[in-house]
Engineer: 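Supplied in structure tokens, the structure appears directly below.
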Number of protein chains: 2
Amino acid sequence: MPPNKLQVPRISDAVAASLEKRILEGSLKPGDRLPPERELAAELGVSRPSLREAIQKLASRGMVQSRQGGGTYVTHQLEASFFDPWQDMMSTHPTLREDLLEFRRMLEGQAAEWAAERATEVDLARLAQTFATLDAAFDAGDLETRAAADIDFHQAIGEATHNALIGHLSAALLRMMQDNIRLNLDELKRVPAAISLLKSQHAAIHTAIAERRPAAARAAAETHIDFVRESLAQSLRSAARRETATRRLNT
Amino acid sequence: MPPNKLQVPRISDAVAASLEKRILEGSLKPGDRLPPERELAAELGVSRPSLREAIQKLASRGMVQSRQGGGTYVTHQLEASFFDPWQDMMSTHPTLREDLLEFRRMLEGQAAEWAAERATEVDLARLAQTFATLDAAFDAGDLETRAAADIDFHQAIGEATHNALIGHLSAALLRMMQDNIRLNLDELKRVPAAISLLKSQHAAIHTAIAERRPAAARAAAETHIDFVRESLAQSLRSAARRETATRRLNT
DNA sequence: TCTGGTTAATTGGTCAAACCAATATTTCTG
DNA sequence: CAGAAATATTGGTTTGACCAATTAACCAGA
């Protein structure tokens, strides 16, 4: 019974594709305001609701932005390419962030434990290398390279578990977090101690795995996630505080 | 002139978020058909065009799929986004099966533990219902309904954890296993005791959660997976034996 | 002439009531 | 009982209208 049959083409899809084409080929540049809905609907030969459905599609992909009474404008950021549905959900459903962190605590804890039990010499060498890179990235690198090094480190742990799913999932979840939390990531820079704390936490995980102490590795990983979770919540609170302060100034 | 000003909240966005929430929480599961547009619009207190705009948003993200005259269905996109690449590999790389089972042991164990800690009365009622269905399906049902009931049961546990990731991931993993192992599933029928054993294991998980004993729930879930893992390996061995025997006959 | 506020036109947001077309369900017929 | 026809359901589309926010035009007062 599920949608196995072929789909009937929908008008709104055709309209959305047409508008997309205009944007991509440049006849509608970023910042441009597209014609009024009534006008555009007449020009395309469709009804206004159909046109609106198409516009909402583009809006949900972040390609256009509408303001009541103002008009509909082409966004400056082309190619949003947010194809992962979890990504957009994260921004609108804050509880998902908590769920993700809680899940990561379990996952990374287990990964560290297994890695300490099963890592081969090759795994340990690779882990040591990614750890060194990460440590250096924290000192000098920009956020991009730091994020990449972070993923590499956690993925090296995942691979050391010799369980393909662990590595894949832990990297995927970390990437998912980074993409939607990068805004608040540099909040950590306001806390001078944060960097050294994070570095010591990573070091604790690394040495516990290298010394093959599973329980210690798990504890270190969980401590690390707990710290991330706590400082993230704290940075969100302080961001909210700054916003109210700014709002107070404007009145 | 660009849209710097604050945005007026659109109804379609609120509706889309509401539907997203239902999907995340599990009240709308992948494969489910959502109510007719007219009905849903009335229930949400919005007009049909507004509801349609919201549905188009979700459809453009691939979370739902509509067929004229048929209905609108929740896709498996959320779960598939994690494991799509793994599906085909499962059949060719047998070690992945082991990894999957090991991962499930951790996941289901944690899920059972959290469910025992956090389940509300509603969760417990739903869990009891899915358990009863599963128990009945083991006696009379064919493989299809048994597999579906199995997914429902484990998903109910996942939902009782009140962690969106747990529910979707555990369902996705179980479905992935069933899809790639169904061939060997009826192997279990050759072991008469297996059915009663599985039933008692499910019962143990259920009662432990219902009685809110987290440690017992985790242990029961892990025991269950251990049994599945062991009997699966055994059935594979016997299947291999039969195959070599058959091959011997043909020469 | 310039400034400020008021008014009018524009434009996206929402709703209501239809009708069409594909599908699903029921009923009828052989 | 199986297959075909009739009916009901359901998404797809259109028309028309009204509201609310924005923008543009206007005009009175300095």
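Excluded from the calculations below are hydrogen atoms, water molecules and symmetry mates; all remaining heavy atoms, backbone and side chain alike, are included. To find a chain, count down the sequence lines: A is the first, B the second, and so on, and within it residues start at 1.
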Engineer: By salt bridge (charged side-chain N to carboxylate O under 4.0 Å, His left out), which residues pair with B/R22, not counting sequence neighbours?
Structural biologist: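 Here the qualifying residues are B/E43.
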
Engineer: Who passes ring-ring contact (aromatic ring centres under 6.0 Å, His included) against B/F82, sequence neighbours left out?
Structural biologist: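 Per chain and number, B/F82 pairs via ring-ring contact (aromatic ring centres under 6.0 Å, His included) with A/W86.
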
Engineer: Just grab all the ring-ring contact (aromatic ring centres under 6.0 Å, His included) pairs involving residues 47-67 of chain B, residues at least two apart or on different chains.
Structural biologist: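 Not a single pair qualifies under ring-ring contact (aromatic ring centres under 6.0 Å, His included).
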
Engineer: What is the separation between atom CZ on A/R10 and atom P on D/dG11, rounded to the nearest whole Å?
Structural biologist: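 From A/R10 CZ to D/dG11 P: 12 Å.
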
Engineer: Give me the bend of the helix from C/dT1-D/dA30 to C/dG30-D/dC1, using the axes of the five pairs at each end, rounded to 10°.
Structural biologist: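 Angle reported: 10°, given to the nearest ten degrees.
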
Engineer: Can you name the side chain to side chain contact (heavy atoms under 4.5 Å, CB included) partners of B/A111, sequence neighbours left out?
Structural biologist: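 Once residues adjacent in sequence are excluded, the partners of B/A111 under the side chain to side chain contact (heavy atoms under 4.5 Å, CB included) criterion are B/I157, B/T161, B/I166.
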
Engineer: Using atom names, set out every protein N or O paired with an N or O of nucleotides 4-10 of chain D below 3.5 Å, distance rounded to 0.1 Å.
Structural biologist:
from	atom 1	to	atom 2	distance (Å)
D/dT10	OP1	B/R33	NH2	3.4

Engineer: Go through the structure and list residues passing side chain to side chain contact (heavy atoms under 4.5 Å, CB included) with A/S47, not counting sequence neighbours.
Structural biologist: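 Listed in chain order: A/P49, A/S50.
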
Engineer: Can you list everything that forms a salt bridge (charged side-chain N to carboxylate O under 4.0 Å, His left out) with A/D13? Sequence neighbours excluded, please.
Structural biologist: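 So A/D13 forms a salt bridge (charged side-chain N to carboxylate O under 4.0 Å, His left out) with A/R10, A/K57.
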
Engineer: Does anything in residues 156-165 of chain B form a salt bridge (charged side-chain N to carboxylate O under 4.0 Å, His left out)? List the pairs, not counting sequence neighbours.
Structural biologist: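 For residues 156-165 of chain B: B/K29-B/E159, B/R126-B/E159.
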
Engineer: Sequence neighbours left out, what passes salt bridge (charged side-chain N to carboxylate O under 4.0 Å, His left out) with B/E39? Give chain and number order.
Structural biologist: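 Once residues adjacent in sequence are excluded, B/E39 has no partner under the salt bridge (charged side-chain N to carboxylate O under 4.0 Å, His left out) criterion.
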
Engineer: Strictly below 4.0 Å, heavy-atom distances to any atom of DNA chain D: list the hits from residues 42-55 of chain B, or just say none.
Structural biologist: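 Contacts with DNA chain D under 4.0 Å: B/R48, B/R52.
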
Engineer: Rounded to the nearest angstrom, tell me the gap between atom CD1 in B/I11 and atom C1' in D/dC18.
Structural biologist: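 About 15 Å, once rounded to whole Å.
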
Engineer: Using the test salt bridge (charged side-chain N to carboxylate O under 4.0 Å, His left out), find all partners of A/E37 that sit at least two apart in sequence or belong to another chain.
Structural biologist: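 Applying salt bridge (charged side-chain N to carboxylate O under 4.0 Å, His left out) to A/E37 gives A/R48, A/R52.
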
Engineer: Using a strict cut-off of less than 4.0 Å between a Lys/Arg side-chain nitrogen and an Asp/Glu carboxylate oxygen, indicate whether B/R229 and B/E108 qualify as a salt bridge.
Structural biologist: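 Judged by the 4.0 Å cut-off on N to carboxylate O distance, B/R229 and B/E108 do not form a salt bridge.
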
